[in-house]
Novice: 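Following this message is one structure expressed as C-alpha coordinates.
Side-chain atoms are counted along with the backbone in the values below, which use heavy atoms only and exclude waters and symmetry mates. Numbering of residues begins at 1 and proceeds along the displayed sequence. Atoms within each ligand, like the ligands themselves, are counted from 1 in listed order.
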Amino acid sequence: MLDKQILLLPGPTPVPPRVAQAMARPAINHRGPEFVRLLQEVTRGLQGVFQTNNDVVVLTSSGTGAMEAAVANLLSPGDKALAVSVGAFGERFIQIARRFEVDVEVMAFPYGQAADPEAVAARLERDKGGQIQAILVQHNETSTGVLNDIRAISEARRGHPALLVVDTISGLIAADLPVDAWKVDVAIAGSQKAFMVPPGLSMLALSRRAWEAVERCTNRRYYFDLLAAREQAARGCTPYTPAVSLLYGLEEALHMVAEETLAGSFRRHALLRDMVRAGLKALGLELLAPDEVASPSVTAVKVPQGLKPSDIIVPLRERHGVIVAAGQGEVKDSIFRIGHLGYVTTHDILAGLAALEDVLDRLGIRTRDGAGVTAALRVYQEGRAS
Ligand SMILES: Cc1ncc(COP(=O)(O)O)c(C=O)c1O
(Lines give C-alpha, C1' and ligand atoms only; values in the text may rest on other atoms or scores of the structure.)
Protein backbone atom coordinates (compact mmCIF):
# COMPACT_ATOMS: atom_id res chain seq x y z
CA MET A 1 0.00 0.00 0.00
CA LEU A 2 1.22 3.51 -0.80
CA ASP A 3 1.79 5.67 2.23
CA LYS A 4 1.34 9.04 0.53
CA GLN A 5 -0.78 11.42 2.54
CA ILE A 6 -2.08 14.94 2.04
CA LEU A 7 -1.51 16.67 5.34
CA LEU A 8 -4.15 19.36 5.86
CA LEU A 9 -3.45 19.95 9.54
CA PRO A 10 -3.06 23.28 11.28
CA GLY A 11 0.43 22.03 12.16
CA PRO A 12 2.56 20.08 11.87
CA THR A 13 2.48 21.03 8.21
CA PRO A 14 4.20 19.20 5.35
CA VAL A 15 7.99 19.66 5.18
CA PRO A 16 9.44 20.75 1.82
CA PRO A 17 12.13 18.41 0.38
CA ARG A 18 14.65 21.28 0.54
CA VAL A 19 14.07 21.59 4.29
CA ALA A 20 14.24 17.82 4.82
CA GLN A 21 17.55 17.69 2.93
CA ALA A 22 18.99 20.54 4.96
CA MET A 23 18.13 18.64 8.14
CA ALA A 24 20.07 15.61 6.91
CA ARG A 25 23.43 17.44 7.05
CA PRO A 26 26.23 15.87 9.10
CA ALA A 27 26.46 16.74 12.77
CA ILE A 28 28.46 19.81 13.80
CA ASN A 29 29.88 21.10 17.07
CA HIS A 30 27.19 23.30 18.60
CA ARG A 31 29.99 25.29 20.26
CA GLY A 32 31.95 25.73 17.05
CA PRO A 33 32.12 28.34 14.27
CA GLU A 34 29.68 26.45 12.00
CA PHE A 35 26.99 26.79 14.63
CA VAL A 36 27.73 30.47 15.23
CA ARG A 37 27.15 31.10 11.51
CA LEU A 38 23.96 29.01 11.54
CA LEU A 39 22.41 30.75 14.55
CA GLN A 40 23.32 34.19 13.24
CA GLU A 41 21.75 33.43 9.85
CA VAL A 42 18.61 31.99 11.47
CA THR A 43 18.33 34.98 13.80
CA ARG A 44 18.58 37.40 10.86
CA GLY A 45 15.89 35.46 9.02
CA LEU A 46 13.64 35.41 12.08
CA GLN A 47 13.98 39.17 12.52
CA GLY A 48 12.78 39.41 8.92
CA VAL A 49 9.63 37.32 9.42
CA PHE A 50 8.83 38.96 12.77
CA GLN A 51 9.49 42.32 11.03
CA THR A 52 11.54 43.45 14.02
CA ASN A 53 14.95 44.89 14.82
CA ASN A 54 14.73 43.60 18.37
CA ASP A 55 16.46 40.58 19.86
CA VAL A 56 14.95 37.25 18.88
CA VAL A 57 15.63 34.01 20.74
CA VAL A 58 15.09 30.42 19.62
CA LEU A 59 14.22 27.73 22.16
CA THR A 60 14.28 23.97 21.81
CA SER A 61 10.64 23.34 22.65
CA SER A 62 7.24 23.27 21.04
CA GLY A 63 5.20 26.47 21.02
CA THR A 64 3.76 25.91 24.48
CA GLY A 65 7.29 26.10 25.88
CA ALA A 66 7.64 29.61 24.47
CA MET A 67 4.23 30.57 25.93
CA GLU A 68 5.47 29.35 29.30
CA ALA A 69 8.79 31.16 28.82
CA ALA A 70 6.94 34.41 28.09
CA VAL A 71 4.86 34.11 31.26
CA ALA A 72 7.71 32.96 33.51
CA ASN A 73 10.09 35.66 32.31
CA LEU A 74 7.73 38.65 32.23
CA LEU A 75 5.31 38.19 35.09
CA SER A 76 6.11 37.78 38.76
CA PRO A 77 3.78 36.04 41.23
CA GLY A 78 0.88 38.36 42.04
CA ASP A 79 1.30 40.46 38.87
CA LYS A 80 -1.92 41.12 37.02
CA ALA A 81 -2.51 40.06 33.40
CA LEU A 82 -5.50 40.46 31.12
CA ALA A 83 -6.02 37.28 29.10
CA VAL A 84 -8.05 37.94 25.97
CA SER A 85 -9.30 34.54 24.94
CA VAL A 86 -11.20 33.42 21.84
CA GLY A 87 -10.66 29.68 22.10
CA ALA A 88 -8.66 26.73 23.41
CA PHE A 89 -5.21 28.32 23.05
CA GLY A 90 -6.41 31.41 24.87
CA GLU A 91 -7.49 29.05 27.64
CA ARG A 92 -4.02 27.47 27.62
CA PHE A 93 -2.40 30.88 28.15
CA ILE A 94 -4.69 31.40 31.17
CA GLN A 95 -3.73 28.02 32.62
CA ILE A 96 -0.01 28.68 32.20
CA ALA A 97 -0.21 32.14 33.77
CA ARG A 98 -2.22 30.83 36.73
CA ARG A 99 0.31 28.03 37.26
CA PHE A 100 2.95 30.76 37.63
CA GLU A 101 0.75 32.53 40.20
CA VAL A 102 -0.13 35.43 37.96
CA ASP A 103 -3.40 37.16 38.85
CA VAL A 104 -5.24 36.53 35.57
CA GLU A 105 -8.34 38.44 34.58
CA VAL A 106 -10.13 36.68 31.75
CA MET A 107 -11.85 38.50 28.91
CA ALA A 108 -13.37 35.67 26.89
CA PHE A 109 -15.23 35.87 23.61
CA PRO A 110 -17.41 33.06 22.21
CA TYR A 111 -15.75 30.39 20.06
CA GLY A 112 -15.88 31.54 16.44
CA GLN A 113 -15.69 35.25 17.23
CA ALA A 114 -12.69 37.57 17.31
CA ALA A 115 -11.70 39.67 20.32
CA ASP A 116 -13.29 43.10 20.44
CA PRO A 117 -10.53 45.74 20.67
CA GLU A 118 -13.06 48.25 22.04
CA ALA A 119 -13.73 45.98 25.01
CA VAL A 120 -9.98 45.81 25.64
CA ALA A 121 -9.75 49.60 25.39
CA ALA A 122 -12.64 50.04 27.85
CA ARG A 123 -11.07 47.64 30.37
CA LEU A 124 -7.69 49.34 30.21
CA GLU A 125 -9.33 52.74 30.48
CA ARG A 126 -10.78 51.65 33.85
CA ASP A 127 -7.35 50.46 35.03
CA LYS A 128 -6.34 53.92 36.21
CA GLY A 129 -3.47 52.72 38.38
CA GLY A 130 -1.91 50.69 35.54
CA GLN A 131 -2.26 47.42 37.51
CA ILE A 132 -2.50 45.28 34.39
CA GLN A 133 1.07 44.46 33.43
CA ALA A 134 0.42 42.40 30.33
CA ILE A 135 -2.23 41.48 27.80
CA LEU A 136 -2.06 37.85 26.65
CA VAL A 137 -3.72 37.14 23.32
CA GLN A 138 -3.61 34.87 20.26
CA HIS A 139 -2.98 36.33 16.82
CA ASN A 140 -4.53 33.31 15.13
CA GLU A 141 -6.72 31.07 17.31
CA THR A 142 -6.11 27.64 15.84
CA SER A 143 -8.99 25.94 17.65
CA THR A 144 -11.61 28.12 15.96
CA GLY A 145 -9.95 29.45 12.81
CA VAL A 146 -10.24 33.07 13.89
CA LEU A 147 -7.71 35.82 13.23
CA ASN A 148 -7.62 38.57 15.85
CA ASP A 149 -6.97 42.20 14.93
CA ILE A 150 -3.66 42.64 16.76
CA ARG A 151 -3.04 46.11 15.45
CA ALA A 152 -6.37 47.29 16.90
CA ILE A 153 -5.72 45.49 20.20
CA SER A 154 -2.31 47.14 20.41
CA GLU A 155 -3.80 50.56 19.71
CA ALA A 156 -6.51 49.88 22.31
CA ARG A 157 -3.83 50.44 24.95
CA ARG A 158 -3.97 54.19 24.21
CA GLY A 159 -0.98 54.94 26.42
CA HIS A 160 -1.70 52.20 29.00
CA PRO A 161 1.68 50.60 29.87
CA ALA A 162 0.56 46.94 29.63
CA LEU A 163 2.89 44.77 27.57
CA LEU A 164 1.25 43.12 24.59
CA VAL A 165 2.14 39.42 24.48
CA VAL A 166 0.98 37.75 21.28
CA ASP A 167 0.89 34.03 20.55
CA THR A 168 1.33 34.02 16.78
CA ILE A 169 2.29 30.36 16.68
CA SER A 170 -0.16 29.60 13.87
CA GLY A 171 -0.25 33.14 12.49
CA LEU A 172 3.28 34.23 11.68
CA ILE A 173 4.21 34.09 7.97
CA ALA A 174 0.59 33.23 7.08
CA ALA A 175 -0.80 36.61 8.21
CA ASP A 176 0.88 39.97 8.56
CA LEU A 177 2.27 40.78 12.01
CA PRO A 178 4.77 43.63 11.79
CA VAL A 179 5.96 43.33 15.37
CA ASP A 180 7.78 46.66 15.63
CA ALA A 181 5.27 48.71 13.65
CA TRP A 182 2.33 47.36 15.67
CA LYS A 183 4.22 47.72 18.97
CA VAL A 184 3.90 44.06 19.92
CA ASP A 185 6.10 43.50 22.99
CA VAL A 186 6.41 39.73 22.80
CA ALA A 187 5.62 37.62 19.74
CA ILE A 188 5.73 33.84 20.04
CA ALA A 189 6.09 31.43 17.11
CA GLY A 190 6.58 27.69 16.50
CA SER A 191 8.50 25.77 13.85
CA GLN A 192 5.79 23.31 12.80
CA LYS A 193 3.40 25.93 11.46
CA ALA A 194 3.93 28.28 8.50
CA PHE A 195 7.70 27.86 8.93
CA MET A 196 7.29 24.40 7.30
CA VAL A 197 9.80 22.84 9.73
CA PRO A 198 9.05 19.80 11.94
CA PRO A 199 7.95 20.44 15.55
CA GLY A 200 10.59 21.20 18.17
CA LEU A 201 11.63 24.85 17.91
CA SER A 202 9.92 27.93 19.25
CA MET A 203 10.90 31.54 18.76
CA LEU A 204 10.28 34.74 20.68
CA ALA A 205 10.77 38.36 19.67
CA LEU A 206 10.89 40.78 22.60
CA SER A 207 10.72 44.58 22.63
CA ARG A 208 13.05 46.73 24.75
CA ARG A 209 10.21 47.22 27.28
CA ALA A 210 9.68 43.47 27.41
CA TRP A 211 13.39 42.86 28.09
CA GLU A 212 13.22 45.40 30.92
CA ALA A 213 10.33 43.45 32.41
CA VAL A 214 12.35 40.23 32.05
CA GLU A 215 15.20 41.83 34.00
CA ARG A 216 12.81 42.80 36.83
CA CYS A 217 10.84 39.55 36.90
CA THR A 218 11.17 37.35 40.01
CA ASN A 219 9.37 34.26 38.74
CA ARG A 220 11.36 31.03 38.69
CA ARG A 221 12.86 29.74 35.49
CA TYR A 222 15.89 27.71 34.53
CA TYR A 223 15.74 26.03 31.11
CA PHE A 224 13.50 28.81 29.81
CA ASP A 225 15.56 31.71 31.20
CA LEU A 226 15.36 34.26 28.39
CA LEU A 227 18.20 36.39 29.78
CA ALA A 228 20.52 33.39 29.50
CA ALA A 229 19.23 32.72 25.97
CA ARG A 230 19.84 36.34 24.93
CA GLU A 231 23.30 36.44 26.49
CA GLN A 232 24.39 33.25 24.72
CA ALA A 233 22.74 34.23 21.43
CA ALA A 234 24.89 37.36 21.35
CA ARG A 235 27.88 34.98 21.07
CA GLY A 236 26.21 32.71 18.54
CA CYS A 237 25.43 30.02 21.11
CA THR A 238 22.55 28.63 23.12
CA PRO A 239 22.66 27.94 26.88
CA TYR A 240 21.94 24.22 26.37
CA THR A 241 22.39 21.78 23.49
CA PRO A 242 20.26 23.08 20.60
CA ALA A 243 18.29 21.02 18.07
CA VAL A 244 20.93 21.57 15.38
CA SER A 245 19.14 19.61 12.62
CA LEU A 246 15.95 21.58 13.11
CA LEU A 247 17.94 24.81 12.95
CA TYR A 248 19.41 23.71 9.60
CA GLY A 249 15.85 23.08 8.45
CA LEU A 250 14.76 26.47 9.75
CA GLU A 251 17.60 28.20 7.92
CA GLU A 252 16.49 26.64 4.64
CA ALA A 253 12.82 27.35 5.30
CA LEU A 254 13.60 31.01 5.99
CA HIS A 255 15.40 31.17 2.64
CA MET A 256 12.24 29.77 1.01
CA VAL A 257 10.09 32.39 2.72
CA ALA A 258 12.49 35.10 1.57
CA GLU A 259 12.23 33.79 -2.01
CA GLU A 260 8.42 33.80 -1.88
CA THR A 261 8.51 37.12 0.06
CA LEU A 262 6.37 37.70 3.12
CA ALA A 263 3.76 39.53 1.04
CA GLY A 264 3.68 36.57 -1.38
CA SER A 265 3.19 34.18 1.52
CA PHE A 266 0.31 36.24 2.92
CA ARG A 267 -1.31 36.29 -0.54
CA ARG A 268 -0.92 32.50 -0.97
CA HIS A 269 -2.40 31.80 2.45
CA ALA A 270 -5.31 34.17 1.81
CA LEU A 271 -5.98 32.47 -1.53
CA LEU A 272 -5.91 29.00 0.02
CA ARG A 273 -8.28 30.19 2.76
CA ASP A 274 -10.71 31.61 0.20
CA MET A 275 -10.55 28.45 -1.91
CA VAL A 276 -11.22 26.24 1.12
CA ARG A 277 -14.08 28.37 2.35
CA ALA A 278 -15.74 28.60 -1.07
CA GLY A 279 -15.36 24.84 -1.56
CA LEU A 280 -16.78 23.96 1.84
CA LYS A 281 -19.75 26.29 1.45
CA ALA A 282 -20.48 24.79 -1.98
CA LEU A 283 -20.53 21.37 -0.32
CA GLY A 284 -23.25 22.70 1.97
CA LEU A 285 -21.08 22.86 5.08
CA GLU A 286 -21.26 25.56 7.70
CA LEU A 287 -18.11 27.28 8.93
CA LEU A 288 -17.48 28.26 12.55
CA ALA A 289 -15.87 31.65 11.87
CA PRO A 290 -17.46 34.35 9.70
CA ASP A 291 -15.56 35.55 6.60
CA GLU A 292 -14.53 38.86 8.18
CA VAL A 293 -12.34 37.21 10.83
CA ALA A 294 -11.44 34.02 8.96
CA SER A 295 -7.98 32.64 9.55
CA PRO A 296 -5.58 32.24 6.61
CA SER A 297 -4.09 29.17 8.35
CA VAL A 298 -7.00 26.96 9.36
CA THR A 299 -10.73 26.63 8.80
CA ALA A 300 -13.06 25.11 11.41
CA VAL A 301 -16.00 23.31 9.83
CA LYS A 302 -19.23 22.40 11.64
CA VAL A 303 -20.05 18.72 11.40
CA PRO A 304 -23.50 18.20 9.80
CA GLN A 305 -26.33 17.39 12.21
CA GLY A 306 -26.40 13.80 13.38
CA LEU A 307 -22.73 13.11 12.61
CA LYS A 308 -19.60 12.98 14.75
CA PRO A 309 -16.29 14.53 13.63
CA SER A 310 -14.76 11.05 13.32
CA ASP A 311 -17.46 10.10 10.75
CA ILE A 312 -15.65 12.49 8.40
CA ILE A 313 -12.07 12.49 9.67
CA VAL A 314 -11.58 8.70 9.64
CA PRO A 315 -12.80 7.94 6.08
CA LEU A 316 -10.91 10.96 4.75
CA ARG A 317 -7.76 9.35 6.12
CA GLU A 318 -8.54 5.72 5.37
CA ARG A 319 -10.04 6.12 1.90
CA HIS A 320 -8.10 9.09 0.59
CA GLY A 321 -5.03 9.66 2.75
CA VAL A 322 -6.30 13.16 3.49
CA ILE A 323 -5.43 14.16 7.04
CA VAL A 324 -7.54 16.81 8.76
CA ALA A 325 -7.70 17.71 12.44
CA ALA A 326 -10.31 17.12 15.12
CA GLY A 327 -11.77 19.93 17.22
CA GLN A 328 -10.51 21.26 20.53
CA GLY A 329 -11.97 22.88 23.61
CA GLU A 330 -15.71 23.41 23.78
CA VAL A 331 -16.27 22.71 20.06
CA LYS A 332 -14.37 19.42 20.23
CA ASP A 333 -17.38 17.27 19.33
CA SER A 334 -18.95 19.55 16.77
CA ILE A 335 -16.22 20.56 14.31
CA PHE A 336 -13.27 19.35 12.29
CA ARG A 337 -10.47 21.57 11.06
CA ILE A 338 -8.74 21.89 7.71
CA GLY A 339 -5.25 23.37 7.90
CA HIS A 340 -3.96 25.35 4.92
CA LEU A 341 -0.69 26.78 6.14
CA GLY A 342 2.93 26.17 5.41
CA TYR A 343 3.94 23.90 2.54
CA VAL A 344 0.42 23.57 1.17
CA THR A 345 -0.52 24.18 -2.43
CA THR A 346 -3.69 24.73 -4.42
CA HIS A 347 -3.65 21.12 -5.65
CA ASP A 348 -3.57 19.84 -2.06
CA ILE A 349 -6.71 21.87 -1.41
CA LEU A 350 -8.47 20.70 -4.58
CA ALA A 351 -7.66 17.06 -3.77
CA GLY A 352 -8.85 17.53 -0.19
CA LEU A 353 -12.16 18.99 -1.30
CA ALA A 354 -12.70 16.19 -3.84
CA ALA A 355 -12.05 13.61 -1.12
CA LEU A 356 -14.42 15.39 1.25
CA GLU A 357 -17.17 15.35 -1.37
CA ASP A 358 -16.77 11.60 -1.70
CA VAL A 359 -16.90 11.10 2.08
CA LEU A 360 -20.00 13.28 2.41
CA ASP A 361 -21.62 11.47 -0.50
CA ARG A 362 -21.08 8.13 1.23
CA LEU A 363 -22.69 9.60 4.35
CA GLY A 364 -25.75 10.50 2.28
CA ILE A 365 -24.98 14.22 2.03
CA ARG A 366 -25.21 14.84 -1.67
CA THR A 367 -24.32 17.97 -3.60
CA ARG A 368 -23.91 18.79 -7.26
CA ASP A 369 -21.04 16.66 -8.63
CA GLY A 370 -17.73 18.41 -8.12
CA ALA A 371 -19.37 21.39 -6.40
CA GLY A 372 -16.56 21.95 -3.87
CA VAL A 373 -13.72 21.64 -6.34
CA THR A 374 -15.52 23.81 -8.89
CA ALA A 375 -16.14 26.60 -6.38
CA ALA A 376 -12.54 26.50 -5.14
CA LEU A 377 -11.21 26.46 -8.67
CA ARG A 378 -13.28 29.51 -9.50
CA VAL A 379 -11.69 31.37 -6.60
CA TYR A 380 -8.28 30.25 -7.79
CA GLN A 381 -8.94 31.34 -11.37
CA GLU A 382 -10.24 34.71 -10.33
CA GLY A 383 -7.32 35.08 -7.90
CA ARG A 384 -9.97 36.24 -5.52
CA ALA A 385 -7.89 36.36 -2.38
CA SER A 386 -9.43 39.05 -0.23
C1 LIG B 1 -2.27 29.33 18.56
C2 LIG B 1 -1.48 28.23 19.16
N3 LIG B 1 -0.94 28.43 20.37
C4 LIG B 1 -0.21 27.48 20.97
C5 LIG B 1 0.00 26.26 20.39
C6 LIG B 1 0.77 25.22 21.11
O7 LIG B 1 1.92 24.93 20.42
P8 LIG B 1 2.62 23.50 20.56
O9 LIG B 1 1.60 22.47 20.24
O10 LIG B 1 3.71 23.63 19.55
O11 LIG B 1 3.13 23.40 21.95
C12 LIG B 1 -0.56 25.99 19.15
C13 LIG B 1 -0.39 24.68 18.50
O14 LIG B 1 -1.22 24.23 17.75
C15 LIG B 1 -1.31 27.02 18.52
O16 LIG B 1 -1.84 26.81 17.31
Novice: Closer than 4.0 angstrom, basic N to acidic O: yes or no for Arg37 and Glu41?
Specialist: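 Glu41 and Arg37: not salt-bridged.
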Novice: Should Gly63 be counted as touching ligand 1, given the test is an N or O pair under 3.5 Å?
Specialist: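 Yes, at least one N or O pair falls under 3.5 Å.
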Novice: Out of curiosity, does Val179 fall in the hydrophobic cluster containing Val137 (side-chain heavy atoms, cut-off under 4.5 Å, transitive links)?
Specialist: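 Yes; Val179 is reachable from Val137 via cluster members.
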Novice: Which option out of Thr64, Ile188, Leu9 puts a heavy atom nearest to atom 11 (O) of ligand 1?
Specialist: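 Checking each option, the heavy atom nearest atom 11 (O) of ligand 1 is found in Thr64.
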Novice: Where is the nearest protein heavy atom to atom 9 (O) of ligand 1: which residue, which atom, and how far?
Specialist: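 The protein heavy atom lying closest is Gln192 NE2, 3.9 Å.
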Novice: Are Val49 and Val166 joined in one hydrophobic group, where the rule is that I, L, V, M, F, W and Y side chains link up if heavy atoms are under 4.5 Å apart?
Specialist: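 Linked, Val49 and Val166 end up in one cluster.
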Novice: Tell me the protein heavy atom at minimum distance from atom 15 (C) of ligand 1, and give that distance in Å.
Specialist: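 The closest heavy atom on the protein side is Thr142 OG1, 3.4 Å.
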Novice: Check ligand 1 against Ser62 and write out every atom of the ligand that is under 4.0 Å from a heavy-atom position of the residue.
Specialist: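 Checking each atom against Ser62, I get 8 (P), 10 (O), 11 (O).
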Novice: What residue and heavy atom of the protein are closest to atom 14 (O) of ligand 1, and at what distance?
Specialist: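 Atom 14 (O) of ligand 1 sits closest to the protein heavy atom Lys193 NZ, 2.6 Å.
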Novice: Please answer: with hydrophobic residues joined when any side-chain heavy atoms are less than 4.5 Å apart, are Leu177 and Leu46 in the same cluster?
Specialist: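 Yes, Leu177 and Leu46 fall within the same hydrophobic cluster.
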Novice: Taking Val331's backbone N and O only, do any of them form a donor-acceptor pair with Ser334's side chain (distance below 3.5 Å, no angle check)?
Specialist: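 Checking the backbone N and O of Val331 against the side chain of Ser334, a donor-acceptor pair under 3.5 Å is found.
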Novice: Which atoms of ligand 1 sit under 4.0 Å from any heavy atom of Arg92?
Specialist: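 Those qualifying, in numeric order: 6 (C).
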Novice: Can you label the angle between the Tyr223 ring and the Tyr240 ring as parallel, tilted or perpendicular, going by 30° and 60°?
Specialist: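 It falls in the parallel class, under 30°.
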Novice: To which protein heavy atom is atom 5 (C) of ligand 1 closest, and what is the distance rounded to 0.1 Å?
Specialist: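 I find the closest protein heavy atom is Phe89 CE2, 3.3 Å.
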Novice: Which of the atoms of ligand 1 are close to Asn140, meaning less than 4.0 Å from one of its heavy atoms?
Specialist: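 Per the distance check, 1 (C).
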Novice: May I ask you to list the atoms of ligand 1 that are less than 4.0 angstrom from any heavy atom of Met67?
Specialist: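 Taking each heavy atom of Met67 in turn, ligand 1 has 4 (C) under 4.0 Å.
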Novice: Is it the case that more than 12 heavy atoms not belonging to Gln305 sit under 6.0 Å from its CD atom?
Specialist: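 No - once you tally the heavy atoms of other residues, nucleotides and ligands closer than 6.0 Å, there are 12 at most.
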Novice: Suppose I only count heavy atoms of Ser170 and a 4.0 Å limit; which atoms of ligand 1 are within that range?
Specialist: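 That gives atoms 1 (C), 16 (O) of ligand 1.
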Novice: Got a donor-acceptor contact below 3.5 angstrom from the Arg230 side chain to the Trp211 backbone?
Specialist: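 Side chain of Arg230 to backbone of Trp211: no pair is present.
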Novice: Specify the protein heavy atom at minimum distance from atom 3 (N) of ligand 1: its residue, its atom name, and the distance to 0.1 Å.
Specialist: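 Of every protein heavy atom, Asp167 OD2, 2.6 Å lies nearest to atom 3 (N) of ligand 1.
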Novice: For Thr168, state whether at least one heavy atom is located under 4.0 Å from any atom of ligand 1.
Specialist: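 Under 4.0 Å: no for Thr168.
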Novice: Hydrophobic clusters here meaning ILVMFWY residues chained together by side-chain heavy-atom distances under 4.5 Å, can you tell me if Trp182 and Val56 are in one?
Specialist: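 Yes; tracing contacts between hydrophobic side chains, which count when under 4.5 Å, links both residues.
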